[in-house]
Amino acid sequence: MLTVRAPATSANLGSGFDVFGVALESPADVIRVERASETRITVTGAGSQYIPEDPDQNTVGAVADALDAPAHIKIDKGVRPSSGLGSSAASAAGAALALNALYARGLSREELVPIAAEGEALVSGEAHADNVAPSLLGGFTIVTDDGVTQVDSEIPVVACLPETSVSTRDARGVVPDSAPLEDVVDTVGNAATLTVGMTRNDPVLVGRGMNDAIVTPQRTALIDGYEQVREAALEAGATGVTVSGAGPGILAVCRERDQRAIAGSMVDAFDGVGIESRAYQTRVGEGARLY
Ligand code: HSE
């Protein structure tokens with residue numbers, strides 16, 4: 001039996017829609033795999049009641065098929081589904097790493113990215129690598145049609161997850177088909193600023209670079225309490241706030257010293273609009289780990 005811990009991730013970071021992603025030190029899924037003649041999946045942990053165990057309907061089943069690696073796969077969810085923290089991607093990335101090792105397929109982590117992304121397609125309708133790439137590779141990742149660029153980073157963040165959910169399909173439905181050139185120019189500038197901030201571990205540059213006028217405003221309308229939580233986080237010292245992935249999770253970037261106050265203020269702000277939430281005080285961290 002092999003065990004993998006695969007981290008939650010936050011995709012987009014505002015200005016990097018479908019391009020940027022970061023691995024988070026916590027929460028994480030734990031995936032255990034054992035060789036078997038047919039794939040069987042069991043799911044426990046956070047939100048497991050919403051996750052199908054049928055291999056034809058589970059991201060991890062698609063990964064086992066793609067690697068021709070039938071196994072008994074036990075998934076212990078630390079990353080709640082439909083939260084905006086790459087829940088299905090963590091399972092897909094973890095299973096890809098575990099099954100690759102279990103069957104000695106010899107693929108690199110980079111080569112496992114498209115395989116894990118295929119699993120993602122089952123959930124979101126499209127194969128995005130912006131969550132599976134950071135979950136496999138760690139740090140900050142830039143996914144384009146030409147491949148993945150990765151850089152290590154340790155930026156502190158607070159990821160606040162309300163007890164509400166937004167489906168990725170719905171969140172993609174509000175993305176505009178086109179954007180004014182002025183907004184595109186702003187977003188390119190912000191994305192470049194954010195990238196430099198990641199390489200310098202500078203939360204001020206990262207926060208400034210998270211601004212996006214194209215996709216994020218459409219999505220915040222789907223998240224009850226977003227504006228209140230954003231304001232509260234900024235007042236408590238966050239250097240930038242945006243929607244995590246497709247939402248409803250909200251990601252605040254900050255200096256380490258402000259993390260606790262920001263987490264408290266975000267939870268309080270959600271509470272103020274009658275929504276329970278949980279805030280993870282974490283940082284950008286390493287990719288999936290094989291034990
Ligand atoms: N980039 C994707 C989105 C991430 O925002 O829709 C969620 O799968």
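For ligands, and for the atoms within them, numbers begin at 1 and follow the listed sequence. Note that this is a predicted model, so its numbers are computed, not measured.
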Determine whether the side chain, the backbone, both or neither of Asn131 has a heavy atom under 4.0 Å from any heavy atom of ligand 1. side chain
Given Val284, which of Pro7, Pro134, Ser10, Ser153 fulfils the side-chain contact (heavy atoms from CB on, under 4.5 Å) condition? Ser153
Select one of side chain, backbone, both or neither to describe which atoms of Arg169 lie under 4.0 Å from any atom of ligand 1, heavy atoms only. neither
Short list, please: which atoms of ligand 1 are under 4.0 Å from a heavy atom of Asp130? 1 (N), 2 (C), 4 (C)
With no hydrogens and no angle check, just 3.5 Å: does a side-chain donor-acceptor pair link Thr44 and Lys77? no
Sidechain-backbone polar pair: Arg289 side chain, Arg5 backbone, donor-acceptor under 3.5 Å: no
Under 4.0 Å from one or more heavy atoms of Phe17, ligand 1 contributes atoms 3 (C), 5 (O)
So, Ser82 and Ser165: side-chain donor and acceptor under 3.5 Å apart, yes or no? no
Which ligand 1 atoms does Asn12 reach within 4.0 Å, using its non-hydrogen atoms? 1 (N), 3 (C), 5 (O)
Do the charged groups of Arg219 and Asp212 touch, with an N to O distance under 4.0 Å? no
Salt bridge (charged side-chain N to carboxylate O under 4.0 Å, His left out) pairs touching residues 35-55, sequence neighbours excluded, are none
Near Asp18 (heavy-atom distance under 4.0 Å), the atoms of ligand 1 are 1 (N), 2 (C), 3 (C)
Do any nitrogen or oxygen atoms of Arg172 lie less than 3.5 angstrom from nitrogen or oxygen atoms of ligand 1? yes
